[in-house]
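See below for the structure under consideration.
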Amino acid sequence: MKMTIHPFVVDSSARQKYKKAISDYQESVADPEGLNDLGSLPENRERHLFRKMFANCWEPTMTLVEEVRDRQARRRRASFEQEPGP
């Protein structure tokens, strides 16, 4: 998995809260079509709540990413060990 941005996993128990947080933040952006860069997004209560939710999901997401990487590494090693030698 080669990505510059890691996936973001939201636990099913928090999914509705996540959807509400991102929706509320999107609604707080006055003119989304007029945005030239992410730096011009508003710093407001909605953004703070969304960031807090993101922070709560970050560690479990990174745990899953590491588990996948470990599994891939084990598969590669097992595949390499099973290949016949020269």
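Sequential numbering from 1 along the given sequence is applied to the chain's residues. Side chains are part of it too, since the values below use all heavy atoms of this structure and drop only hydrogens, waters and symmetry mates.
By the side chain to side chain donor-acceptor pair (under 3.5 Å) test, Ser23 pairs with no residue at all, sequence neighbours left out. Leu49 meets the side chain to side chain contact (heavy atoms under 4.5 Å, CB included) test with Arg45; sequence neighbours excluded. Residues forming a side chain to side chain contact (heavy atoms under 4.5 Å, CB included) with Glu33 (at least two apart in sequence, or on another chain): Asp31. Residues that satisfy the side chain to side chain donor-acceptor pair (under 3.5 Å) test with Lys19, not counting sequence neighbours, are absent from this structure. For the salt bridge (charged side-chain N to carboxylate O under 4.0 Å, His left out) test, no residue two or more places apart in sequence or in another chain qualifies with Lys17. With sequence neighbours excluded, the residues satisfying ring-ring contact (aromatic ring centres under 6.0 Å, His included) with Tyr18 are Phe8, Phe50. Listed by chain and residue number, Ser13 satisfy the side chain to side chain donor-acceptor pair (under 3.5 Å) test with Asp11 (two or more places apart in sequence, or in another chain). Remark: Glu66 engages Arg69 in a side chain to side chain donor-acceptor pair (under 3.5 Å) (not counting sequence neighbours). Every residue two or more places apart in sequence or in another chain that forms a side chain to side chain contact (heavy atoms under 4.5 Å, CB included) with Pro42 is listed here: Tyr25, Ser28, Val29, Asn44. Qualifying side chain to side chain contact (heavy atoms under 4.5 Å, CB included) partners for Asp24, counting only residues two or more places apart in sequence or in other chains: Lys20, Glu46.
Residue pairs meeting the salt bridge (charged side-chain N to carboxylate O under 4.0 Å, His left out) criterion with at least one member in residues 49-64, sequence neighbours excluded: Glu43-Arg51. Listed by first then second residue, pairs satisfying ring-ring contact (aromatic ring centres under 6.0 Å, His included) with a partner in residues 29-48 number zero, not counting sequence neighbours.
A continuous path of ILVMFWY side-chain contacts below 4.5 Å connects Met53 to Trp58, so both sit in one hydrophobic cluster. Side-chain heavy atoms closer than 4.5 Å link hydrophobic residues (I, L, V, M, F, W, Y) into clusters, and following such links, even through other members, never connects Val9 to Ile22.
Residue Gln72 holds its CD atom at 13.0 Å from OG of Ser79, rounded to the nearest 0.5 Å.
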